[in-house]
Each structure stands twice: as C-alpha cells, then as structure tokens.
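The model shown is predicted, which means the values in this text are computed figures rather than measured ones. What you see below is based on every heavy atom in this structure, not just the backbone, and it leaves out hydrogens, waters and symmetry mates.
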Amino acid sequence: IGLNSGIMNVGNMGSDFRMAYTVIGDAVNISARMEDLTKNYGVDIIVGERTRELVPDVAFREVDRVRLRGRDRPVTIFEPLGPLVETEKTRMDELTLYRQGLQYYRRKDWDLAELQFLNLERLFPHNGLYSTYLARISEFRDTPPSADWDGTHSYDGT
C-alpha cells in the first residue's frame, strides 16, 4: 500500500461516450510509486512526508529518501508502525539504532553503518529493510557513490 497526501482531482472524468470516476494528480502518481516501492523494502505500507505529518499520533520508521522518476527533488518515505502510545520500548530502541545506522550510511561511513545494520538484522531478523541497506553498502564498497551523493536512492520504476 502506498499512501500520500496532497492536491488531486477526484470525480467523474471522460466524455459522454465513456465516463470513469477516478483520481489524478502528482500526489496520486507518487502514491502509486510508493506502493511499488513496498516490494523493494520488504514493508507492507509506505507513506509520504505529508501523510506522516497529518497523523502525529502514529509511530513511523523513515524507510529512505528516494528520487522518483520524473521528479527533481527526493521524497522521504516512511513505514507506519502503529499508534505511538502503544509502541513498545523495544521497538523505540530499534528505531533509535536504525536512525543511527541511517546517519552513518548517509555520511558514507560504511564500516559503522554496516556494523549497525548487521546488529539490527541479528536482533530483528523479521525486518528485510536492514538487508536492503547491507546490500547497498556492499555495492558502494565496490563502486563508491559520487562525491556529491546525499544519501538519496534513485528509483526509476513506474
């Protein structure tokens, strides 16, 4: 599932010959791309930044910053984890360690990032997100990103 909030057009569209109730707009296109990204990250739901802002009582994990096809600016995507008040301390500790791993990763500190994600993967083997970052780190060791890389992953899917 990909959820995004923003301006869109909703209603009957078409002609007298063929009419369809639909929704169109940039926010809809981003939502469709986010839905496609769930498979890449091994998560069930991805939401955009604005959606995250609209539900402050939900705990979220930042999944990544991605550059989607047809967009100049990167989009930060999140995984909803559940009501904030019901989020267990273990999960909050996991999120703290994960944020640290992301910081190391975006600073190109491959050794610390790899160590952090390996520990997270060992402690929480149910989460495929950690193996995604470990695979990228391995690739970056072989083929380093450009000097101006800002931690954003380019995504060229539909």
Practice item. State, to 0.1 Å, how close Ala113 and Gly101 come at their nearest heavy-atom pair, and which atoms those are. Key: CB-O, 4.0 Å
Review point. Do the side chains of Asp36 and Lys39 get nearer than 4.5 Å, heavy atoms only?
Key: yes
Point to revise | Salt bridge flag under 4.0 Å for residues Arg106 and Glu62 | key: yes
**Study point:** Cation-pi check, Arg61 onto Tyr98 ring (under 6.0 Å, within 45° of axis)
**Key:** yes
Check your understanding: Among all residues two or more places apart in sequence or in another chain, which pass the ring-ring contact (aromatic ring centres under 6.0 Å, His included) test with Phe140?
Key -> Trp110, Trp149
Point to revise | ILVMFWY cluster, Tyr41 and Leu118 together (side-chain gap under 4.5 Å) | key: yes
Check your understanding: Do Glu94 and Arg91 meet the salt-bridge criterion of a basic N to acidic O distance under 4.0 Å?
Key -> yes
Check your understanding: Under the 3.5 angstrom rule, does the side chain of Gln116 hit a backbone N or O of Leu97 as a donor-acceptor pair?
Key -> yes
Review point. Do Leu37 and Ile77 come within less than 4.5 Å of each other through their side chains, counting heavy atoms only?
Key: yes
Practice item. Report the distance from atom CG of Leu68 to atom CZ of Arg73, rounding to the nearest 0.5 Å. Key: 12.0 Å
Review point. Just by modelled atom types, is the Leu134 backbone N or O under 3.5 Å from a matching donor or acceptor in the Ser138 side chain?
Key: no
Point to revise | Considering all heavy atoms, the nearest Thr87-Pro83 contact | key: OG1-O, 2.9 Å
Check your understanding: Given side chains that start at C-beta, do those of Glu139 and Asp142 come closer than 4.5 Å, heavy atoms only?
Key -> no
Exercise for review: List the steps, then state whether side-chain contact (heavy atoms from CB on, under 4.5 Å) holds for His153 with Arg65.
Suggested key: CA-CA 6 Å; His153 183 72; Arg65 274 194 312 240; over 6 Å; no
Practice item. Test side-chain contact (heavy atoms from CB on, under 4.5 Å) on Thr132 and Asn40 and set out the steps. Key: CA-CA 8 Å; Thr132 298; Asn40 294 24; over 6 Å; no
Review point. Can you tell me how far CD of Gln103 sits from CZ of Arg99, rounded to the nearest 0.5 angstrom?
Key: 9.0 Å
Check your understanding: Would a 4.5 Å heavy-atom cut-off, applied to side chains only, mark Asn119 and Tyr130 as touching?
Key -> no
**Study point:** Test side-chain contact (heavy atoms from CB on, under 4.5 Å) applied to Leu129 and Val63, step by step
**Key:** CA-CA 8 Å; Leu129 184 58; Val63 174; 3.9 Å; yes
Point to revise | Same apolar cluster: Val43 and Leu123, side chain cutoff 4.5 Å | key: yes
Review point. Taking 4.0 angstrom as the limit, do Asp150 and Lys108 come out as a salt bridge?
Key: no
Review point. For Ile30, does its backbone N or O pair with a side-chain atom of Asn4 as donor and acceptor, under 3.5 Å?
Key: no
Exercise for review: Look at the side-chain heavy atoms of Ile, Leu, Val, Met, Phe, Trp and Tyr, link any pair under 4.5 Å apart, and say whether Val58 and Leu3 land in one connected group.
Suggested key: yes
**Study point:** Within residues 124-136 or reaching into it, pairs that qualify as salt bridge (charged side-chain N to carboxylate O under 4.0 Å, His left out) - sequence neighbours excluded
**Key:** Asp64-Arg136
Check your understanding: Would you say the side chain of Val47 lies within less than 4.5 Å of the side chain of Glu53, judging by non-hydrogen atoms?
Key -> no
Exercise for review: Give a yes or no on whether Leu95 and Leu112 share a hydrophobic cluster (residues Ile, Leu, Val, Met, Phe, Trp, Tyr; joining criterion: side-chain heavy atoms under 4.5 Å apart).
Suggested key: no
Point to revise | Candidate list Ile45, Thr51, Asp44, test side-chain contact (heavy atoms from CB on, under 4.5 Å), partner Pro80, passing option | key: Ile45
Check your understanding: Heavy-atom count around Asp72 CG within 6.0 Å, excluding the residue itself: above 12?
Key -> no
Check your understanding: Is any side-chain heavy atom of Phe60 less than 4.5 Å from a side-chain heavy atom of Leu81?
Key -> no
Check your understanding: Heavy atoms, side chains only, cut-off 4.5 Å: are Tyr105 and Ile137 in contact?
Key -> yes
Review point. Linking I/L/V/M/F/W/Y whenever any side-chain heavy atoms sit under 4.5 Å apart, do Tyr104 and Phe117 land together?
Key: no
Point to revise | Whether Thr38 side chain and Ile1 backbone form a donor-acceptor pair below 3.5 Å | key: no
Review point. Taking the side chain as C-beta and beyond, is there a heavy-atom pair between Leu120 and Tyr133 under 4.5 Å?
Key: no
Check your understanding: So does Gln100 have more than 12 non-hydrogen atoms from other groups sitting under 6.0 Å from CD?
Key -> yes
Check your understanding: What pair of heavy atoms forms the shortest contact from Thr152 to Pro74, and how long is it?
Key -> CG2-CB, 3.6 Å
Revision key, fill the gap. Closest non-hydrogen contact found for Gly6 with Ala27 is CA-CB, 3.8 Å
